[in-house]
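Accompanying notes for the structure given below.
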Amino acid sequence: MAGLNKTAGDSTRLVLVCNGEDTNLALESTDTIKVTEKSGRSSPEQQPLIFLCSVCKRVLGDSAGWMESDVEDQSVMLKVVSPFVIKDKEPKVSTAPQDNCCMIESLFCSGCSTCIGKVYKSTPKHLDFKRDLYCLDVDAIDSYIIGSTTLQEVPEKDEPLTLEKRSDLEEELERANTVLKVLQDQISALQAQMS
């Protein structure tokens with residue numbers, strides 16, 4: 001099992017798993033491996049995943065738009081992204097060896113201007129599956145799995161206010177009010193002496 005690791009929580013991590021020709025996104029935890037698959041070929045039950053900019057944590061996309069992943073290129077390919085993803089205005093020739101001189105448009109996060117990936121505009125035949133998809137670099141994104149937070153216990157509510165508790169509370173407020181009046185009189189007397 002070949003994979004790319006990316007933190008998805010305290011005890012879990014996002015892993016790109018390559019099994020033969022099929023590449024899947026998996027959520028690996030310390031206890032078990034829960035596979036969250038999303039490829040063009042199949043779409044079983046899955047936990048929704050949100051992709052965030054690793055620098056400013058803006059939402060870049062989610063697993064609803066996920067097409068597949070590329071282990072060699074270390075990228076996740078989405079068909080749609082959020083408005084926080086900005087494309088470079090001018091396509092350019094990629095200098096990366098695995099891109100075979102493809103025409104690409106760089107992708108940037110609108111929040112922090114970090115380069116987060118690319119869109120292939122022209123490709124050789126063996127890279128046609130990447131054309132016009134948003135290829136987000138795994139190193140530039142974090143992910144969050146919806147429902148992965150642990151539940152925190154809500155503190156117990158105070159007991160309802162009874163007549164007995166209400167009278168005790170009113171007595172305490174009356175004593176505090178008396179002390180405040182005494183202090184206010186003393187402060188007024190001191191101010192009168194200083195004037």
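Fair warning: this is a prediction, and the values are worked out from it, not measured in the lab.
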C115 and A140 have their tightest heavy-atom pair at O-CB, 3.9 Å
So SG of C135 and CD of Q74: to nearest 0.5 Å the spacing works out to 13.0 Å
Please tell me if the side chains of V81 and L60 come closer than 4.5 Å, counting only heavy atoms from C-beta onward. no
Please confirm whether the backbone N or O of D139 pairs with a side-chain atom of D137, one donor and one acceptor, at under 3.5 Å? no
Hydrophobic cluster membership, with links at side-chain heavy-atom distances under 4.5 Å among I/L/V/M/F/W/Y: are V59 and Y144 in one? yes
Shared ILVMFWY cluster between L127 and M67, side chains joined below 4.5 angstrom? yes
More than 12 foreign heavy atoms under 6.0 Å from CG of L163: is that the case here? no
Ignoring hydrogens and angles, tell me if any N or O in the side chain of S69 forms a donor-acceptor pair with the backbone of V76 under 3.5 Å. no
Start with the C-alpha distance between R175 and V179, add both sets of side-chain angles, then the distance that settles side chain to side chain contact (heavy atoms under 4.5 Å, CB included), and finish with yes or no. CA-CA 6 Å; R175 278 184 257 154; V179 170; 5.6 Å; no
Side chain to side chain contact (heavy atoms under 4.5 Å, CB included) evaluation trace for L78 with F51: CA-CA 10 Å; L78 305 175; F51 298 106; 3.9 Å; yes
Looking only at the side chains, is there a donor atom on one of D142 and S54 sitting less than 3.5 Å from an acceptor on the other? no
Nearest-0.5 Å distance that lies between atom CG in D62 and atom CD1 in I50: 6.5 Å
Heavy-atom count check: over 12 atoms from other residues, nucleotides or ligands less than 6.0 Å from E164 CD? no
Once you round to the nearest 0.5 Å, how far does CD of E172 lie from OG of S167? 10.5 Å
Under a 4.0 Å threshold between the charged nitrogen and the carboxylate oxygen, would K165 count as salt-bridged to D168? no
Any side-chain donor near an acceptor of the partner, S75 and K118, under 3.5 Å: no
Going through the distances and angles, do I104 and K92 end up as a side chain to side chain contact (heavy atoms under 4.5 Å, CB included)? CA-CA 5 Å; I104 61 163; K92 60 185 175 218; 4.3 Å; yes
So which heavy atom on K79 is nearest to which on L133, and how close? CA-CD2, 3.9 Å
Measuring from atom OG of S82 to atom OH of Y134, what distance do you get when rounded to the nearest 0.5 angstrom? 10.0 Å
Smallest separation among heavy atoms of K57 and L52, with atom names: O-CD2, 3.8 Å
Considering all heavy atoms, the nearest M77-W66 contact: O-CD1, 3.0 Å
What's the verdict on side chain to side chain contact (heavy atoms under 4.5 Å, CB included) for C109 and V55, showing C-alpha distance, side-chain angles and the deciding distance? CA-CA 9 Å; C109 172; V55 176; over 6 Å; no
More than 12 foreign heavy atoms under 6.0 Å from CD of Q184: is that the case here? no
Just so I know, are the side chains of N177 and K181 near enough to count as touching, which here means a heavy-atom distance under 4.5 Å? yes
R58 and G111 have their tightest heavy-atom pair at NE-CA, 3.0 Å
Which atom names give the shortest non-hydrogen contact between S143 and L49, and what distance separates them? CB-CG, 4.2 Å
